[in-house]
Amino acid sequence: AKCISHLCRFNGQVDRFYSVGEHTLHGLAMMQYMRLSIPQQRAFWLHDMPEAVLGEIVRPVKRIPVIGEEFKKLEFAEFASMLAELGLSPNFMDLHQGVVALYDNIMVAVEVDTIADDQVRELEKKYRMNHDNALHNWVAERILTCELDSFEVEWELMGHFRRLFK
């Protein structure tokens, strides 16, 4: 939780410091608001944790065939290690991939609209998705009004960890 609380989203191409951890917190809040299951929330809590070891790699770079394929292998190995430490099955993330991808994509769309700089907006434009405007606005309001420092994000993430993995 500490590392992703200090790791800036979009490789720092944002209007203010916005961490991977803050992204996770807002995504979890959205999932709670939508009453998603605890296992689905666990999967979202975990989905960016490999970045604590591998660093933040922006989506356009992940989409370059050779780089993306190699990153996926590293990410898979890191997930396997984390899941084993937590006593979760090796296919835990696979079981929840669809829901995690959906909510992560909603988060990216909202973040691009609210805090990303123009270069990120241009890169992400072609990957836009349609989603519920009310949900988009709910998350955007949270992001714009709830600026947490790195230590607050870390504290909140650890609280969610205790709730989700008790």
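None of these values were measured; they are calculated from a predicted model.
Without hydrogens or angle criteria, Glu56 side chain to Glu51 main chain gives no donor-acceptor distance under 3.5 Å. A donor-acceptor pair under 3.5 Å is absent between the side-chain atoms of Thr24 and the main chain of Trp45, judged by distance alone. The closest donor-acceptor contact from the side chain of Glu69 to the backbone of Val66 lies at 3.5 Å or more, if one exists at all.
Grouping Ile, Leu, Val, Met, Phe, Trp and Tyr residues whose side-chain heavy atoms lie under 4.5 Å apart, directly or via other members, places Ile67 in a hydrophobic cluster with Val53, Leu54, Ile57, Val58, Val61, Ile64, Phe71, Leu74. Trp155 forms part of no hydrophobic cluster, judged by ILVMFWY side-chain heavy-atom separations under 4.5 Å.
Phe151 and Met158 end up in different hydrophobic clusters when Ile, Leu, Val, Met, Phe, Trp and Tyr side chains are linked at under 4.5 Å. Following chains of ILVMFWY side-chain contacts shorter than 4.5 Å, one cannot reach Val20 starting from Phe17, and the two form parts of different hydrophobic clusters. Cluster annotation: Ile38 is connected to Leu46 through the hydrophobic network of ILVMFWY side chains, with a link wherever side-chain heavy atoms come within less than 4.5 Å.
Applying the side-chain hydrogen bond (donor to acceptor under 3.5 Å, both in side chains) rule to pairs touching residues 30-39 yields Ser37-Gln40, sequence neighbours excluded. The salt bridge (charged side-chain N to carboxylate O under 4.0 Å, His left out) contacts involving residues 76-85 comprise nothing, where partners must be two or more places apart or lie in separate chains. Within the structure, every pair that satisfies the ring-ring contact (aromatic ring centres under 6.0 Å, His included) test and touches residues 47-69, not counting sequence neighbours, is listed here: His23-His47, Phe44-His47.
Contact check on Glu75 versus Lys72 returns a salt bridge, with a Lys/Arg side-chain nitrogen under 4.0 Å from an Asp/Glu carboxylate oxygen.
In the displayed structure, Lys62 atom NZ is contacted under 6.0 Å by more than 12 heavy atoms of other residues, nucleotides or ligands.
Take Phe10 and apply the ring-ring contact (aromatic ring centres under 6.0 Å, His included) test, not counting sequence neighbours, and it matches no residue.
Among all heavy-atom pairs drawn from Met30 and Ile106, the shortest one is SD-CG2, 3.7 Å.
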Does Val14 form a side-chain contact (heavy atoms from CB on, under 4.5 Å) with Glu111? I'd like the steps, not just the answer. CA-CA 9 Å; Val14 289; Glu111 291 160 350; over 6 Å; no
